[in-house]
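Working notes for the structure below.
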Amino acid sequence: MFKLLKTDGHTKARLGQLRTVHGVIDTPIFMPVGTQAAVKTLDPRELRELGAQIILSNTYHLCIRPGMEVMEKMGGLHQFMSWPYPILTDSGGYQVFSLAKIRKIKPEGVSFRSHLDGTALFLGPKEAMHMQKVLGSDIAMVLDECPPHTGTQRQLHEAVERTIRWAEHCRQQPRAEGQLVFGIVQGAGRPELREQCAKALVSIGFDGYAIGGVSVGETEAEMMKAVEYTEPFLPADQARYAMGLGTPAQIVELVARGVDMFDCVLPTRIARNGAAFTRKGTVNIKAAYCKTDPGPIEEGCTCFACRNFSRAYLRHLINVEEILALRMISVHNCHMYVQLMTDIRRHIAQETFAEFRAEFARTYIPSKNLRACKVDAAE
RNA sequence: GGUAGAAUACCCAAGUGGCCAACGGGGGCAGACUGUAAAUCUGCUGGCUCACGCCUUCGAAGGUUCGAAUCCUUCUUCUACCA
């Protein structure tokens, strides 16, 4: 259950705690993504050392491999992956949208084919909740429909209607002991749909509310708008979770808009592609200028990678394709995200969050792509 | 000493008269990545403008031809075999 400890005086930022079966987590919080029962390249000890309190995993992927029979026999996800701390599982709604090409949406769920071997699968509210019960996650997500943000008004409206209906069904399903269930607000960039969806979910009543349908190809400005259209309709005494977001700068902005929970593949994915997040922006460790750079990824960082290795060494490891490079940059990036959240919480507690936000916006240089979004936002 | 073969951009390597500034790899450089089908994907990689275009390249020097990396001559270097 969520406990709101403090609300920032100048922004909508909140300080809170969410009690789950496997422990209490502090919000605002970042959840590293462990889609297939592993945060790519990192082991539980490393995750714990860098400060991760909760991780995310994915029902769709675990359903395909190893399958729920295995998960059940192995005693659930925590035991299987040796992570005795909180876990949030996504329902698989996003995967159905993002990778199942041949899919048929029906009132009772989605039939589609596995991206691996084409096996015919069916995922409905009942299946999604049952699998998450088997997994034994601390927080289960309802099955939602996440349409492309470019959808027509009618498509988006239907997706919202279906998402609400499925949410009702999910709510009625049996769940694991103490498992929290979060509803997911859809509605793309349409204020009226966001409002409709949020209100309907709140009236059903969930343990927390997620804002979905973001980071699906829209601009940063549109993404912020989607959150702004949704947040006012979410209860203040419940956790709000922005699904799949975001960059460090976006997270700071979203916290200021009242979001408590985040997950994003960027820190781990970008790490494997040779780039690191710092408080000043991303650093491409592959880049030539790191060739003889004796400094750490980020000056002053206390993560294992920065305490021990130079950029020059990490760049070398990338060049010769040593796996250690991917692990160390993943350690750093996750540490950076987790540490950012710790700082955010401290600043909210000390009433200095507004200043922190302004300073961050001033000093963090986003990538070119995101800079384009900033220009977009200014218009 | 003789015979045969080979020399292509940073490296390997295709190309054997015009469609060649030259396939494809590698390497190098740059960019992308947002509820992970991602240790992935995309672009650039002779020079100048960096658009069109122009200029200099395929061991070296000559030659044949309207036109040569491609044909001929000589030279240089390397490889294999024979002495």
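Please read all numbers here as calculations on a predicted model, not as lab measurements. Within every chain, numbering begins at 1; the chains are lettered A, B, ... in the order of the sequence lines, protein sequences first and strands thereafter.
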- Query: Across the strands shown, which category fits L56(A) at heavy-atom distances under 4.0 angstrom: base, sugar-phosphate, nothing?
  - Reply: sugar-phosphate

- Message: Given U34(B), A37(B), G28(B), identify the nucleotide with an atom nearest to the side chain of R315(A).
- Response: G28(B)

- Cationic N near anionic O, under 4.0 Å, R14(A) to D260(A): yes

- Task: Hey, can you tell me if Y337(A) and F277(A) have their rings parallel, tilted or perpendicular (30° and 60° cut-offs)?
- Result: perpendicular

- What about the rings of F112(A) and Y60(A), do their centers lie closer together than 6.0 Å? yes

- Distance flag, aromatic centroids of F356(A) and H347(A), threshold under 6.0 Å: yes

- Who does C10(B) pair with, Watson-Crick or G-U, both distances under 3.5 Å? G26(B)

- Please figure out whether L326(A) or M243(A) has its closest RNA chain B nucleotide nearer the 5' end. M243(A)

- Which part of the nucleic acid, if any, lies within reach of G213(A) when heavy atoms closer than 4.0 Å are counted: base, sugar-phosphate only, or nothing? base

- So what does Q186(A) hit on the nucleic acid, given a heavy-atom distance under 4.0 Å: a base, only sugar-phosphate, or nothing? base

- Distance below 4.0 Å between Q95(A) side-chain N/O and U36(B) OP1 or OP2: yes

- Task: Could you check which nucleotide pairs with G31(B) in any of the strands shown, counting Watson-Crick or G-U wobble with both distances under 3.5 Å?
- Result: C41(B)

All N/O pairs under 3.5 Å across the protein-nucleotides 40-46 of chain B interface:
| residue | atom | partner | partner atom | Å |
| --- | --- | --- | --- | --- |
| U40(B) | N3 | N273(A) | OD1 | 3.2 |
| U40(B) | O4 | N273(A) | OD1 | 3.2 |

- Is there a donor on the side chain of D144(A) or the base of G35(B) sitting less than 3.5 Å from an acceptor on the other? yes

- Can you check the N333(A) CG to A39(B) P distance for me, whole Å? 15 Å

- Select base, sugar-phosphate, or nothing to describe what T41(A) touches, counting heavy atoms under 4.0 Å on all strands. nothing

- Query: Given U34(B), is OP1 or OP2 found less than 4.0 Å from the side-chain N or O atoms of S215(A)?
  - Reply: no

- Message: Closer than 4.0 angstrom, basic N to acidic O: yes or no for E49(A) and R307(A)?
- Response: yes

- Assign each of K40(A) and N319(A) the nucleotide of RNA chain B bearing its closest heavy atom; nearer the 5' end lies the nucleotide of N319(A)

- Query: So what does A287(A) touch, heavy atoms closer than 4.0 Å: a base, only the sugar-phosphate, or nothing?
  - Reply: sugar-phosphate

- Message: Let's test this: given Watson-Crick or G-U wobble pairing with both distances under 3.5 Å, identify the partner of C54(B).
- Response: G47(B)

- Message: Looking at U79(B), which nucleotide sits across from it as a Watson-Crick or G-U wobble partner, both distances under 3.5 angstrom, or is there none?
- Response: A4(B)

- Say whether S330(A) and T41(A), considering side chains only, have a donor N or O and an acceptor N or O under 3.5 Å apart. yes

- Message: Once you apply a heavy-atom cut-off of 4.0 Å, does G246(A) come out as touching a base, just sugar-phosphate, or nothing?
- Response: base

- Query: Looking only at atom C1', what distance separates G62(B) and C12(B), rounded to whole Å?
  - Reply: 31 Å

- Query: So which nucleotide does G67(B) pair with, by the Watson-Crick or G-U wobble rule with both distances under 3.5 Å?
  - Reply: none

- Message: Quick check on A37(B): is either OP1 or OP2 less than 4.0 Å from any side-chain nitrogen or oxygen of S98(A)?
- Response: yes

- Applying the salt bridge (charged side-chain N to carboxylate O under 4.0 Å, His left out) test to E228(A), which of R194(A), R257(A), K12(A) qualifies? R257(A)

- Query: Whom does U73(B) pair with, Watson-Crick or G-U wobble, provided both distances fall under 3.5 Å?
  - Reply: A61(B)

- Query: Going by distance alone, is a donor N or O of one side chain under 3.5 Å from an acceptor N or O of the other, for S137(A) and Q132(A)?
  - Reply: no

